[in-house]
Amino acid sequence: AFDVVLINPPYVPTSSEELAQSLAVLRTSQPSKDVAATAADTETEDAAFTLTWAGGDDGIEMTKRMLAAGLAYLSGKPATRLEGCGGAPRLYLVVVQENRPSDMGQYGLELWEEMATGGKEGQGRLSWSIALQTRANNELLSILRFVVDPANPNPILNPSKGGGGGGGEA
């Protein structure tokens, strides 16, 4: 388990087919042992490059997969080596406006609750907030911060009582 997880996923909205095709190429390719590049090597390189930005429908297909993996590895116990953040394990996720940041925050809470019912022990309560927003050329980037409160055994804050998008720390 990790005390801090940072996820900068491929978040550009693309077609699901483009994403699936690139994943399929990478899963089935075998790099050549020749010094000269082959067509298969070029196809593999192109697929790998596509995966650096292609996020699938709404740009969230890969983001959802990576968020689930990141939360699974996030420690639910106090982080003794995290000075200045109260010992709270946290996950940071980079998204663009098209990814619907509020929906991604809620999705993270739902995943966390599923993990709690699935037996992830001692995980504590999860809250989220938008830690930072900035514009980079034509993209409005948001960094979502998910914070675990190991002292509170409830798996999530009730969003209707201030635990969702604005309920985390600033």
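Just so it is clear, the model here is predicted, and its values are computed rather than measured.
Atoms OG1 and CG, on T14 and D57 in that order, are 7.5 Å from each other to the nearest 0.5 Å. Here the CD1-CG distance, from I60 to D103, works out to 7.5 Å after rounding to the nearest 0.5 Å. Taken to the nearest 0.5 Å, the CG atom of L109 stands 11.0 Å off from the CZ atom of R125. A distance of 12.0 Å separates OH of Y73 from CD1 of I7, quoted to the nearest 0.5 Å. Atom CG of L132 is separated from atom OH of Y92 by 10.5 Å, given to the nearest 0.5 angstrom. E61 CD to N99 CG: the interatomic distance, rounded to the nearest 0.5 Å, is 11.5 Å.
Proximity of L74 to V148: side-chain heavy atoms (C-beta onward) are separated by under 4.5 Å at one or more points. Contact annotation: the side chain of W128 approaches that of S102 to within less than 4.5 Å [non-hydrogen atoms, C-beta and beyond]. No side-chain heavy atom of V147 sits less than 4.5 Å from a side-chain heavy atom of L126. Within the 4.5 Å cutoff, no side-chain heavy atoms of Q133 are placed close to those of L141. Between L93 and P9 there is a side-chain heavy-atom pair separated by less than 4.5 Å. Residues L67 and Y107 meet the side-chain proximity criterion, which asks for heavy atoms closer than 4.5 Å. A 4.5 Å side-chain heavy-atom check between L144 and P101 finds at least one atom pair inside the cut-off.
In this structure, a donor-acceptor pair under 3.5 Å is absent between the side chains of S142 and Q97.
Taking both residues in full, the closest heavy atoms of W53 and P10 are given as C-CB, 3.5 Å, listed atom of the first, atom of the second, then distance.
For R145 (side chain) and I143 (main-chain N/O), no donor-acceptor pair under 3.5 Å exists by modelled atom type. W112 places a side-chain N or O within 3.5 Å of a backbone atom of G124 that can act as its donor or acceptor partner.
Residues L6 and V96 are members of one and the same hydrophobic cluster, defined by side-chain heavy-atom contacts under 4.5 angstrom among Ile, Leu, Val, Met, Phe, Trp and Tyr.
Considering E98, E139, M104 as possible partners of Y11, the one that fulfils the side chain to side chain contact (heavy atoms under 4.5 Å, CB included) test is E139.
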Using atom types as modelled, flag every donor-acceptor pair under 3.5 Å from a side chain in residues 18-25 to any protein atom, sequence neighbours excluded.
unit_1, atom_1, unit_2, atom_2, d
S22, OG, E18, O, 3.2

